[in-house]
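A short write-up of the structure that comes next.
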Amino acid sequence: MKHLKLKALLLSGLLALNFTACGTAPASSQAGSSSAASSAVSQAEFMNLETASWEEIVEAARGTTVTFYGWGGDENRNRWLNTTVADYLKENYDLTLEVVGMNIEDILAKLAGEKQAGTQQGSIDMIWINGENFYSAKENGLLYGPFTDKLRNMEQYIDTEDTETLYDFSKPIEGYEAPYAKAQVVMYHDTAVTPNAPANAQELLEFCKQNPGKVTYPALPDFTGSAFVRNIVYELCGWEQFQTMEPDYETVKAAIEPALEYLRSLNPYLWNQGQTFPESSTTVDSMFADGELVMSMSYGPFSVASGIEQGLLADTTETFVFENGTIGNTNYMAVAFNSPNKAGAMVAINAILSADLQLTQYETLKELPVVDMDKLSEEEKADFEAVDLGQGVLSQEELLSHRLPEMPADLVPVIEEIWLKEVVGKTNS
């Protein structure tokens, strides 16, 4: 049990499937910029950001501190933000980055409380967000925008007509958030133990029958477990119908009935016979690493390489996707409705969209970049193509050619509720 817990702690940073960051800027840098920050933010307060030029926004951000709030569970990302990104912003814009680790639920609760209290200036500038949380925040007026039309690097490096630039979990973005990094569901197995990976749902069922009690997935609403179930829904029910479906319980249940029947058919061959499911993706990862399971899954398509490199996973571990594809999504950066430094937030977000920082994110964190490769210079493109993604992973090209769009955010909790009632502990007999 101690070994399992240790593996869980080590793997949590490598195989994390949500995104965000933590840490703070050094006290000396905060103190040294306080008077300048106060003056510059004061200047930004009286600026009409809607009519200001990009040069005026950059000038207003100089000498200020910008806060970036989000999930702080990935130490590698924390380090990247607090060093590479912070140094880039300081050197190029005299902008100090202060990264604050906080769960997105707490961030939104804080903003909602400030909205209700009429707080004009809060403490949150930038937010790491996507999916249901973005939809809820935007609907409740907790975000500032639209702002992405002001960002120079949106036009220079991002495909502004791409579906994932325009929609987040099928909900219109309308300029209220900018892309940060991409993720995609992958599954993985040890080829020394199970030589052949399942290529579709039917083969997965046979795979489970051949390895009884050695396959499972995280209990919903775990982010990865929920994505896995949605992927099964897409496999067996198609994905197009869900893009415009209303989040009505009975409507959704009827539409996903073939997937529910399939998931119930899996249960007798799963770990604990599908009576219960591990509480998190971290637990499933650790069970796989310990040999208790023969398959695991991740929303981080290159995370297996880190596990192999650190000796947590066998070097014969390989990722795979279904031949019909797996769900991918983008995570984004937004600005709080009452951010005291909107200019600083816009400058920081613009910087993270640059080819320079997207490349370092790809190299260091092995996150799928959001830049449009067709918009890169030949030199920039060569730099991205030269990145060593590590052992046991699929190429970016292979992943993107098997990428399926996410489901509308308001359908996700409905499916999770249906799964709990119709799948857990049940069979078709």
side-chain contact (heavy atoms from CB on, under 4.5 Å) between Tyr362 and Glu367, intermediate numbers included: CA-CA 5 Å; Tyr362 191 39; Glu367 299 283 2; over 6 Å; no
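- With hydrogens and angles ignored, the 3.5 Å screen pairs a side-chain donor or acceptor of Asp388 with a backbone N or O of Gly390.
- Annotation for Glu105: atom CD counts as buried by contact number, over 12 foreign heavy atoms lying within 6.0 Å.
- The side chain to side chain donor-acceptor pair (under 3.5 Å) test with Thr326 is passed by exactly one of Arg403, Arg230, Gln184, His402: Gln184.
- Taking the ring centre of Tyr176 as origin, the terminal cationic atom of Lys138 falls inside the region bounded by 6.0 Å and 45° from the ring axis.
- Rounding to the nearest 0.5 angstrom, the gap separating the CG atom in Asp372 from the CD atom in Glu161 is 11.5 Å.
- Between Ile232 and Phe228 there is a side-chain heavy-atom pair separated by less than 4.5 Å.
- Other residues, nucleotides and ligands contribute only 12 or fewer heavy atoms inside 6.0 Å of the CD atom of Gln120.
- Thr148 places none of its side-chain heavy atoms less than 4.5 Å from the side chain of Ile173.
- Of the possible donor and acceptor atoms, none in the side chain of Thr191 sits under 3.5 Å from a partner among the backbone N and O of Glu318.
- Panel note: side chain Gln391, backbone Asp315; a donor-acceptor pair is recorded below 3.5 Å.
- For Thr160 against Thr165, the heavy-atom pair with the smallest separation is CA-CG2, 3.9 Å.
- Residues Asp383 and Glu363 are not in side-chain contact: their nearest non-hydrogen atoms beyond the backbone lie 4.5 Å or more apart.
- When Glu406, Lys182, Glu164 are each tested for a side chain to side chain donor-acceptor pair (under 3.5 Å) with Thr330, only one passes: Glu164.
- Annotation: side chain of Lys150 is not in contact with side chain of Leu49 (no heavy-atom distance under 4.5 Å).
- A donor-acceptor pair under 3.5 Å is formed between the side chain of Ser377 and the backbone N or O of Glu380.
- Between the side chain of Ser339 and the main chain of Val335, no donor-acceptor pair closer than 3.5 Å is present.
- Other residues, nucleotides and ligands contribute only 12 or fewer heavy atoms inside 6.0 Å of the CD atom of Gln273.
- At distances below 3.5 Å, not a single donor-acceptor pair connects side-chain atoms of Thr364 with backbone N or O atoms of Gln361.
- Rounded to the nearest 0.5 Å, atoms CG (Asn338) and CG (Leu142) are 9.0 Å apart.
- A 4.5 Å side-chain heavy-atom check between Phe242 and Leu411 finds at least one atom pair inside the cut-off.
- Judged purely by distance below 3.5 Å, without hydrogens or angles, the side chains of Asn329 and Tyr299 pair a donor atom with an acceptor atom.
- Formation of a donor-acceptor pair under 3.5 Å by the Ser298 side chain with backbone atoms of Gly300 is found in this model.
- Here the closest heavy-atom approach between residue Asn231 and residue Gly325 is recorded as ND2-O, 3.4 Å.
- Note: Phe288 and Tyr188 have perpendicular aromatic rings, judged against thresholds of 30 and 60 degrees for the angle between ring planes.
- In the model, Ser226 has a side-chain atom that pairs as donor or acceptor with a side-chain atom of Glu416 under 3.5 Å.
- Within a 6.0 Å radius of OH in Tyr167, no more than 12 heavy atoms belonging to other residues, nucleotides or ligands are found.
- With hydrogens and angles ignored, the 3.5 Å screen pairs a side-chain donor or acceptor of Tyr234 with a backbone N or O of Pro405.
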Walk me through whether Asn140 and Lys115 qualify under side-chain contact (heavy atoms from CB on, under 4.5 Å). CA-CA 9 Å; Asn140 288 285; Lys115 182 85 169 179; over 6 Å; no
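- Separating the CG atom in Asn200 from the CD atom in Glu235 is a distance of 6.0 Å, to the nearest 0.5 Å.
- Residue Asp125 holds its CG atom at 8.5 Å from NZ of Lys342, rounded to the nearest 0.5 Å.
- Closest of all the heavy-atom pairs between Ala351 and Leu357 is O-CD1, 3.3 Å.
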Ser280 and Asp222: side-chain hydrogen bond (donor to acceptor under 3.5 Å, both in side chains), yes or no, with the steps? CA-CA 6 Å; Ser280 71; Asp222 174 90; 5.2 Å; no
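- Between Tyr88 and Tyr93, the ring planes lie tilted relative to each other; the angle falls in the 30° to 60° range.
- Contact annotation: the side chain of Tyr69 approaches that of Val100 to within less than 4.5 Å [non-hydrogen atoms, C-beta and beyond].
- In this structure, Glu203 places its CD atom where more than 12 heavy-atom neighbours from other residues, nucleotides or ligands lie under 6.0 Å away.
- Between Leu220 and Val229, the shortest heavy-atom distance links the atoms CD1-CG2, 3.6 Å.
- Below 30°, between 30° and 60°, or above 60°: for Tyr180 and Phe68 the angle between ring planes is between 30° and 60°, a tilted geometry.
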Given Lys366 and Ser303, is the side-chain hydrogen bond (donor to acceptor under 3.5 Å, both in side chains) satisfied, shown in steps? CA-CA 7 Å; Lys366 303 297 189 288; Ser303 54; over 6 Å; no
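- Within 6.0 Å of the CD atom in Glu397, the count of heavy atoms belonging to other residues, nucleotides or ligands does not exceed 12.
- One finds no salt bridge joining Glu75 and Arg79 here, because no Lys/Arg side-chain nitrogen approaches an Asp/Glu carboxylate oxygen to under 4.0 Å.
- The closest donor-acceptor contact from the side chain of Glu279 to the backbone of Pro218 lies at 3.5 Å or more, if one exists at all.
- To the nearest 0.5 Å, the span separating CG on Asn211 from OH on Tyr269 amounts to 13.0 Å.
- Here the shortest heavy-atom pairing between Pro413 and Glu132 reads CD-OE1, 3.3 Å.
- When side chains are defined from C-beta on, Leu151 counts as touching Trp54, because their heavy atoms get closer than 4.5 Å.
- In this structure, the separation between OG1 on Thr316 and NE2 on His189 is 9.0 Å, given to the nearest 0.5 Å.
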Stepwise, does the side-chain hydrogen bond (donor to acceptor under 3.5 Å, both in side chains) test hold for Asn130 with Tyr135? CA-CA 8 Å; Asn130 79 338; Tyr135 174 69; over 6 Å; no
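- Within 6.0 Å of CD on Glu240 lie more than 12 heavy atoms contributed by other residues, nucleotides or ligands.
- Under 4.0 Å is where a charged nitrogen must lie from a carboxylate oxygen, and between Lys110 and Asp106 no such pair does.
- Relative to the six-membered ring of Phe134, Lys171 misses at least one condition, a distance below 6.0 Å or an angle of at most 45° to the axis.
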Can you check salt bridge (Lys or Arg N to Asp or Glu O under 4.0 Å) on Lys381 and Glu385, steps first, answer last? CA-CA 6 Å; Lys381 189 179 298 184; Glu385 290 173 349; 5.9 Å; no
Start with the C-alpha gap between Thr317 and Asp190, add the side-chain angles, then the distance that decides, and say whether side-chain hydrogen bond (donor to acceptor under 3.5 Å, both in side chains) holds. CA-CA 4 Å; Thr317 303; Asp190 184 346; 4.9 Å; no
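- In terms of modelled atom types and a separation under 3.5 Å, the side chain of Asn82 and the main chain of Asn78 share a donor-acceptor contact.
- Judged by distance alone, the side chains of Gln243 and Ser170 do bring a donor and an acceptor atom under 3.5 Å apart.
- A 4.5 Å side-chain heavy-atom check between Val284 and Tyr217 finds every atom pair outside the cut-off.
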